[in-house]
Amino acid sequence: MRTDHETISLSITDGVLVVTLDRPDQMNSFTVTMAEELEAIFREVNDDDEVRAVIVTGAGRAFCAGMDLTAEGNVFGLDESLTPVLADMEDLDDPGLARVRDTGGRVALAIHACRKPVIAAINGAAVGIGATMTLPMDARLVSTKGRIGFVFGRIGITPEATSSWFLPRIVGLPDALDLVYSADIIDAERALEVGLVRSVHEPDELLEAAVALADRWTRDRSPVATALTRQLMYRNAGLDHPIDAHRVDSLAIFYASIGDGKEGVAAFLDKRTPVYSGKASQMPPFYAAW
């Protein structure tokens with residue numbers, strides 16, 4: 001992975017990659033450059049077999065205070081000379097849509113497609129895109145100093161970063177509507193109460209708790225089976241009928257059974273820790289077309 005980033009910093013310890021939003025003097029406010037760097041990281045990590053889990057946190061006292069509203073021109077980096085319609089959005093790889101597509105959404109989709117578990121360690125204010133970027137992550141842990149706000153209504157814009165898909169699935173539609181309509185900034189305890197976050201921690205214990213969770217989920221696990229499991233859960237939960245889940249489940253268990261599953265069964269019978277050889281960078285033949 002690249003290490004020469006402008007807006008984020010990376011560190012990896014024992015297979016856990018910590019991505020730190022690193023604009024502390026600007027409360028880690030989101031920029032187009034940050035979007036590009038985050039999107040690239042979550043694509044690159046799929047092919048980095050040293051990484052088994054990813055944690056995202058912020059430098060200084062904030063997680064991410066939202067979009068940097070001091071940028072010149074359209075602060076969201078969009079081309080105001082265009083008049084796109086829904087039909088234009090069919091091919092999202094069209095270069096002509098580069099300044100039409102929501103930058104936060106590009107990051108969210110890259111996180112959703114990631115083959116490694118992703119955990120948010122929300123150390124302070126997480127507002128706007130600072131809140132919505134965490135929704136495609138598998139868990140949100142928050143500091144007692146954390147504050148979370150879907151504040152779009154306060155500045156006349158709409159929720160973004162695919163949050164209209166994720167937020168109702170996490171907290172339910174009534175609470176999702178309340179969070180975005182009110183645009184309130186809620187504290188850590190309220191975020192826990194509504195089901196937005198998994199747990200609340202003292203500031204100096206937050207990152208340690210996130211690493212512990214990453215270890216619980218991924219240590220001594222098959223990287224391929226973990227990657228497949230993550231995508232099965234996210235993709236199959238929205239299918240119309242379980243028979244469609246059965247089709248892809250069948251392929252997943254077939255290839256798992258002839259891959260790391262052999263070692264897993266042998267280790268279970270031998271009462272030892274498994275040593276898996278599968279790599280998430282080398283997924284089963286059906287994965288690319290799934």
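Numbers for residues simply follow the sequence, beginning at 1.
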Checklist entry - Can you tell me how far the CD1 atom of I41 sits from the CD1 atom of I8, to the nearest 0.5 Å? => result 4.5 Å
Considering only distance and modelled atom types, tabulate donor-acceptor pairs under 3.5 Å from the side chains of residues 51-70, sequence neighbours left out.
residue: R52; atom: NE; partner: D14; partner atom: O; Å: 3.1
residue: R52; atom: NH1; partner: D215; partner atom: OD1; Å: 3.0
residue: R52; atom: NH1; partner: T218; partner atom: OG1; Å: 2.8
residue: R52; atom: NH2; partner: D14; partner atom: O; Å: 2.8
residue: R52; atom: NH2; partner: D215; partner atom: OD1; Å: 2.7
residue: T57; atom: OG1; partner: A121; partner atom: O; Å: 2.8
residue: T57; atom: OG1; partner: N123; partner atom: OD1; Å: 3.4
residue: D68; atom: OD1; partner: T70; partner atom: N; Å: 3.0
residue: D68; atom: OD1; partner: T70; partner atom: OG1; Å: 2.5
residue: D68; atom: OD2; partner: R23; partner atom: NH1; Å: 3.4
residue: D68; atom: OD2; partner: R23; partner atom: NH2; Å: 3.4

Checklist entry - Is any side-chain heavy atom of F152 less than 4.5 Å from a side-chain heavy atom of T158? => result no
Checklist outcome for this item: The reported gap from CZ in R147 to CG in D187 (rounded to nearest 0.5 angstrom) is 5.0 Å
Checklist entry - Any luck finding a side-chain donor-acceptor pair between E37 and T7 under 3.5 Å? => result yes
Next on the checklist: Parallel, tilted or perpendicular: which one describes the rings of Y287 and W290, with boundaries at 30° and 60°?
Outcome noted: perpendicular
Item to check | Donor-acceptor contact present, side-chain D220 to main-chain T273, <3.5 Å | outcome: no
Checklist entry - Do L10 and I12 belong together in a cluster built from hydrophobic side chains that touch within less than 4.5 Å? => result yes
Next on the checklist: Within this structure, what is the CE-CG distance for the pair M283 and N46, rounded to the nearest 0.5 Å?
Outcome noted: 8.5 Å
Checklist entry - Out of curiosity, does W165 fall in the hydrophobic cluster containing V118 (side-chain heavy atoms, cut-off under 4.5 Å, transitive links)? => result yes
Next on the checklist: With clusters defined by side-chain heavy atoms of hydrophobic residues (ILVMFWY) lying less than 4.5 Å apart, directly or transitively, does I129 cluster with F76?
Outcome noted: yes
Item to check | Heavy-atom pair of closest approach, residues M89 and V100 | outcome: SD-CG1, 3.8 Å
Next on the checklist: I need the D88 CG to D94 CG distance, nearest 0.5 Å.
Outcome noted: 8.5 Å
Next on the checklist: Looking at E6, I'd like to know if its CD atom is crowded, meaning that more than 12 non-hydrogen atoms belonging to other residues, nucleotides or ligands lie closer than 6.0 Å.
Outcome noted: no
Item to check | Test log, rule side-chain contact (heavy atoms from CB on, under 4.5 Å), inputs V211 and E208 | outcome: CA-CA 5 Å; V211 171; E208 180 181 350; 5.8 Å; no
Item to check | Intermediate values then yes/no, side-chain contact (heavy atoms from CB on, under 4.5 Å), T162 and L135 | outcome: CA-CA 9 Å; T162 69; L135 300 181; over 6 Å; no
Checklist entry - Does any non-hydrogen side-chain atom of D48 lie less than 4.5 Å from one of L17? => result no
Checklist entry - Would you say S143's side chain and K145's backbone share a donor-acceptor pair under 3.5 angstrom? => result yes
Next on the checklist: Main chain of T134, side chain of R140: is a donor-acceptor contact present, judged purely on distance under 3.5 Å?
Outcome noted: yes
Checklist entry - Can you hop from M133 to I155 via hydrophobic side chains spaced under 4.5 Å? => result yes
Checklist entry - Is there a side-chain contact between P24 and D22, using heavy atoms and a 4.5 Å cut-off? => result yes
Item to check | Which atom of R198 lies closest to which atom of A139, heavy atoms considered | outcome: CD-CB, 4.1 Å
Item to check | R247 and D244 ion-paired at < 4.0 Å | outcome: yes
Next on the checklist: Test your reading of the model: is there a side-chain donor-acceptor pair from R106 to the backbone of R101, 3.5 Å cut-off?
Outcome noted: no
Item to check | Nearest heavy-atom neighbours spanning F30 and A35 | outcome: CZ-CB, 3.5 Å
Checklist entry - Taking C-beta and beyond as the side chain, do D260 and P223 meet within less than 4.5 Å on heavy atoms? => result yes
Checklist entry - In terms of heavy-atom contacts, does CG of D4 have more than 12 from other residues, nucleotides or ligands at under 6.0 Å? => result yes
Checklist outcome for this item: Smallest heavy-atom separation, I119 atom then A214 atom, equals CD1-N, 3.6 Å
Next on the checklist: Quick check: do P284 and V224 have side-chain heavy atoms less than 4.5 Å from each other?
Outcome noted: yes
Item to check | Value rounded to 0.5 Å, distance of CG in L196 from CD1 in I122 | outcome: 7.0 Å
Next on the checklist: To the closest 0.5 Å, what do you measure between CG (D178) and CZ (F150)?
Outcome noted: 11.5 Å
Next on the checklist: Give me the atom names and distance for the closest heavy-atom approach of Y255 to P285.
Outcome noted: CE2-CD, 3.5 Å
Checklist entry - Taking a hydrophobic cluster as the set of Ile, Leu, Val, Met, Phe, Trp and Tyr residues connected by side-chain heavy atoms closer than 4.5 Å, whether directly or through intermediates, do V197 and I186 fall within one such cluster? => result yes
Next on the checklist: If you apply the rule side-chain contact (heavy atoms from CB on, under 4.5 Å), what do you find for D79 with N74, and how did you get there?
Outcome noted: CA-CA 7 Å; D79 186 345; N74 184 294; over 6 Å; no
Next on the checklist: Quick one about S277 and E263 (side-chain donor to acceptor, distance below 3.5 Å, no hydrogens or angles considered), yes or no?
Outcome noted: no
Item to check | Minimum side-chain heavy-atom gap T226-P117 below 4.5 Å | outcome: yes
Next on the checklist: Are the side chains of R115 and D47 in contact, using a 4.5 Å heavy-atom criterion?
Outcome noted: yes
Checklist entry - Between E50 and V16, is there a donor-acceptor pair closer than 3.5 Å when you use the side chain of the first and the backbone of the second? => result no
Item to check | The single option from R230, K116, R216 passing salt bridge (Lys or Arg N to Asp or Glu O under 4.0 Å) against D138 | outcome: R230
Checklist entry - Should we say atom CD1 of I243 is surrounded by more than 12 heavy atoms from elsewhere, each under 6.0 Å from it? => result no
Item to check | D102 versus G104, closest heavy-atom pair with distance | outcome: OD1-N, 3.1 Å
